[in-house]
Amino acid sequence: MSQGRDILERHGRPEDYVEIGLGSEYRYNPLHNDLDAYAVAYSIASLLTNLFGRAKSPFWQQAYTNLVKFIILLHKVAYDYVTLFDVYECAISPAVLERKIKEAERRFGEADFILVSQDVYLQHPRDLEPFASGSTRN
């Protein structure tokens, strides 16, 4: 039993203990945060450097940091969520990365349009002003 759990049980609050782990019903995604993509990528690159040592050329360290950054950005923009597995899968498989880029292009290439008559538009000018660009039809 952990010290944290012991302390909570001694103080009558065992239900406040939540275990986070691979075997737990709760998990933690370290990439789901408000940091910018470069900061997260740099942290991952620093971890890789600590585990495997520095690359012989600084170019390669910057290259894989940029790759990770762009994979993170792709997932945050296209899916609003990214995991370490997503980064790993795209980094080792050009086919997976290409598929996800094409899927994102397809998702953002599709646009929904709605036709609003001029009379309705003129009744709600402030509400509809953000949508004023483009052609006007009656």
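Only a predicted model underlies this, so the values are computations on that prediction, with no experimental measurement involved.
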Problem - Student check: side-chain heavy atoms of K76 and L73 closer than 4.5 Å - result: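 No; the side chains remain at least 4.5 Å from each other.
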
Handout entry: Residue pair V96 / C90, side-chain heavy-atom distance below 4.5 Å
Key =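 Answer yes - side chains close enough.
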
Between atom [atom1] of [X] and atom [atom2] of [Y], what is the distance when rounded to the nearest 0.5 Å?
| X | Y | atom1 | atom2 | answer |
| --- | --- | --- | --- | --- |
| D6 | Y17 | CG | OH | 9.0 Å |
| H124 | D127 | NE2 | CG | 7.0 Å |
| D86 | I71 | CG | CD1 | 9.5 Å |
| H75 | K100 | NE2 | NZ | 3.0 Å |
| S117 | Q123 | OG | CD | 7.5 Å |
| T65 | F70 | OG1 | CZ | 11.0 Å |

Are [X] and [Y] connected in the hydrophobic side-chain network, where two residues link if heavy atoms are under 4.5 Å apart?
| X | Y | result |
| --- | --- | --- |
| L84 | L47 | yes |
| I44 | L51 | yes |
| I92 | V82 | no |
| V18 | L8 | no |
| L31 | L35 | yes |

Problem - ring-ring contact (aromatic ring centres under 6.0 Å, His included) against Y88, all qualifying residues, sequence neighbours excluded - result: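 Counting only residues at least two positions away or on another chain, Y88 forms no ring-ring contact (aromatic ring centres under 6.0 Å, His included).
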
Problem - Short side-chain to backbone donor-acceptor contact, R107 and A78, under 3.5 Å - result: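 Checking the backbone N and O of A78 against the side chain of R107, a donor-acceptor pair under 3.5 Å is found.
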
Problem - E98/K102 salt bridge by N-O under 4.0 Å criterion - result: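 Yes, charged N to carboxylate O under 4.0 Å.
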
Problem - Pairs involving residues 26-48, ordered by first then second residue, that meet side chain to side chain donor-acceptor pair (under 3.5 Å) (sequence neighbours left out) - result: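 Qualifying pairs: N29-Y81.
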
Practice task
Indicate the atoms forming the closest heavy-atom contact of I72 with V40, along with that distance.
Solution key: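 Heavy atoms of I72 and V40 come nearest at CD1-CG1, 3.6 Å.
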
Exercise for the section: Looking only at non-hydrogen atoms, find the nearest pair between K69 and A41 and report the distance. Expected result: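 In terms of heavy atoms, the two residues are closest at N-CB, 3.5 Å.
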
Practice task
Not counting sequence neighbours, which residues clear side-chain hydrogen bond (donor to acceptor under 3.5 Å, both in side chains) with Q62? List them please.
Solution key: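 By the side-chain hydrogen bond (donor to acceptor under 3.5 Å, both in side chains) rule, Q62 matches N66.
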
